[in-house]
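Everything quoted here is computed from the prediction, not taken from an experiment. Each chain gets a letter, A, B and so on, in the order its sequence line appears, and its residues count up from 1.
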There are 2 protein chains.
Amino acid sequence: MTTLQPVNLDETDWLILEELQADGRLSYNALARRVHLSAPAVAERVRRLEESGVITGYSAQINASRAGQPLVAYVQLRCRLGDCLLRTARADEYPELVEVHKLSGDHCTLLKARASSLAHLEGLFERLGQHGDIRTHIVMSTQYEGRPVRPPSPERPVTPADGWTQT
Amino acid sequence: MTTLQPVNLDETDWLILEELQADGRLSYNALARRVHLSAPAVAERVRRLEESGVITGYSAQINASRAGQPLVAYVQLRCRLGDCLLRTARADEYPELVEVHKLSGDHCTLLKARASSLAHLEGLFERLGQHGDIRTHIVMSTQYEGRPVRPPSPERPVTPADGWTQT
DNA sequence: AATGAAAAAACTCCTGT
DNA sequence: ACAGGAGTTTTTTCATT
């Protein structure tokens, strides 16, 4: 399943997703107890969540600092025409990039990088700078990341004041 | 283990970490085969990686689009003095924030948010704007995220030209 | 979707190298 | 510090209601 359409998820599906995001190694038995279902029922639901592409995999979470890469930086990159990072560089040339996004606005690309030292970051910035103008932001501390995806809460629409017509 | 010091990891540890990041549900038997060790040996290494805080947990990976939250935005926030988001707001007031970083530079905080619609994002930006000046960036597309942490490659130091003394 | 049972697989201990 | 094997527990899956 590779389309982008959302899948209809009921309350039990969200319970399962929350539990599996908190502990991806839960057995069907343990998971079933937590969501008040039987093991076969929960196994079937998990299978459907996997096949419908809601669950894309299971992964060990690792503390990058502990693993020798304590630094995080974000880099905004405005590529030169015809020399965009995404077209001219291969992913494995930049193993330190853990996220790559295309943005609205005048800086086309936002990168998130992990590095082992400031010298490492310095070298990375120099390499990236070959692709265009860059603007770097070094992360001083991280309050949290990898927060679980949660069920959408009811939205509070922004209501314009009187006299404005909302389209 | 809560300190920040890196843990010494040998080649086998990195093999294990790469396998478990790719599939967090691997059994010790399957993992042992892949890293050319016996099951008890690999179980002992995994136990040590967990206890030393390198592996912090295991998680199901969710396709947020499929789960009804297709939008991602980054928000740079410069808090007003004494009214910083991190001091005045509770985490559960902002369930759409999946990452919170403190940055160097003049915008103190970088937030990553997931939302279900542009109306949802609009409301979020309004709420965040109560804490200070914000600058928002909507992600148009994501090349990748959640890339695994990999063993640090040998660094290429940036060598200054002659005449500059490196400290 | 629940129950209960059979089958399969996982984990862990122990011993030896 | 690791390999191999055996025993025990857990997990998964299937058939039935």
Side-chain angles (χ1 to χ4, degrees), chain A residues 1 5-69 148-152, chain B residues 1 3 5-63 66-68 148-152:
Chain A
M1 288 288 189
Q5 273 112 41
V7 175
N8 277 338
L9 303 173
D10 64 19
E11 207 176 301
T12 304
D13 289 323
W14 274 111
L15 283 174
I16 290 172
L17 291 177
E18 293 186 72
E19 293 294 340
L20 285 181
Q21 285 180 98
D23 184 356
R25 303 197 85 170
L26 281 175
S27 70
Y28 294 139
N29 270 327
L31 182 56
R33 277 194 301 273
R34 292 172 188 233
V35 304
H36 311 296
L37 247 60
S38 66
V42 85
E44 173 66 10
R45 276 178 183 264
V46 170
R47 192 190 60 76
R48 292 163 67 97
L49 288 168
E50 290 168 351
E51 293 199 348
S52 64
V54 176
I55 295 176
T56 59
Y58 300 87
S59 168
Q61 299 168 314
I62 95 166
N63 182 330
S65 290
R66 282 265 153 160
Q69 287 166 229
V149 179
R150 294 182 32 185
Chain B
M1 287 288 191
T3 58
Q5 274 115 41
V7 175
N8 277 336
L9 302 174
D10 65 18
E11 206 175 302
T12 303
D13 289 323
W14 274 112
L15 283 174
I16 290 171
L17 291 177
E18 293 186 74
E19 293 293 340
L20 285 181
Q21 284 181 98
D23 184 356
R25 303 196 85 169
L26 281 175
S27 69
Y28 292 140
N29 268 322
L31 182 56
R33 276 193 301 273
R34 291 172 188 232
V35 304
H36 310 296
L37 246 60
S38 67
V42 86
E44 173 65 11
R45 275 179 182 263
V46 170
R47 193 191 59 78
R48 291 164 64 102
L49 288 168
E50 289 169 350
E51 292 199 348
S52 64
V54 176
I55 295 175
T56 59
Y58 300 87
S59 169
Q61 297 168 313
I62 305 283
N63 181 332
R66 283 255 147 175
V149 179
R150 295 181 31 184

Roughly how many Å is it from CG in D13(B) to P in dA1(D), rounded to a whole number? 11 Å
Among the nucleotides dT12(D), dT3(C), dG4(D), which one has an atom lying closest to any side-chain atom of S27(A)? dT12(D)
Gap between atoms CD1 and P, on I16(B) and dA1(D) respectively (whole Å): 13 Å
Side chains of R45(B) and L37(B): closer than 4.5 Å at any heavy-atom pair? yes
Selection from dT12(C), dA3(D), dT3(C) that lies nearest to any side-chain heavy atom of Y28(B): dT12(C)
With no hydrogens and no angle check, is any side-chain donor or acceptor of Q21(A) less than 3.5 Å from a backbone partner on V149(A)? yes
Do side-chain atoms of R25(A) reach the backbone of L26(B) as a donor and acceptor pair under 3.5 angstrom? yes
For the pair made of CG in L26(A) and P in dT10(D), what is the distance, rounded to whole Å? 16 Å
Of the candidates dT12(C), dT13(D), dA3(D), the side chain of S38(B) sits closest to dA3(D)
Counting side-chain heavy atoms from C-beta on, which of dA2(C), dA3(D), dA10(C) comes nearest to N29(B)? dA10(C)
R66(B) side chain to I55(A) main-chain N or O, any donor-acceptor pair under 3.5 Å? no
How close or far is atom P of dA1(C) from atom CZ of R48(A), stated in whole angstroms? 9 Å
Nearest whole Å is fine: how far is dA1(D) C1' from H36(B) NE2? 18 Å
Can you tell me the distance, in whole Å, between the CZ atom of R47(B) and the P atom of dA10(C)? 21 Å
Nearest-neighbour nucleotide for the P40(B) side chain, dA10(C), dT12(C), dA1(C) considered: dT12(C)
Just to be sure I understand the rule, does R45(B) reach a base, reach only the sugar-phosphate, or reach nothing, if contact means heavy atoms closer than 4.0 Å? sugar-phosphate
Report the distance from atom CD of E44(B) to atom C1' of dG4(D), rounded to the nearest whole Å. 17 Å
Atom CG of L31(B) and atom P of dA10(C) are separated, to the nearest Å, by 12 Å
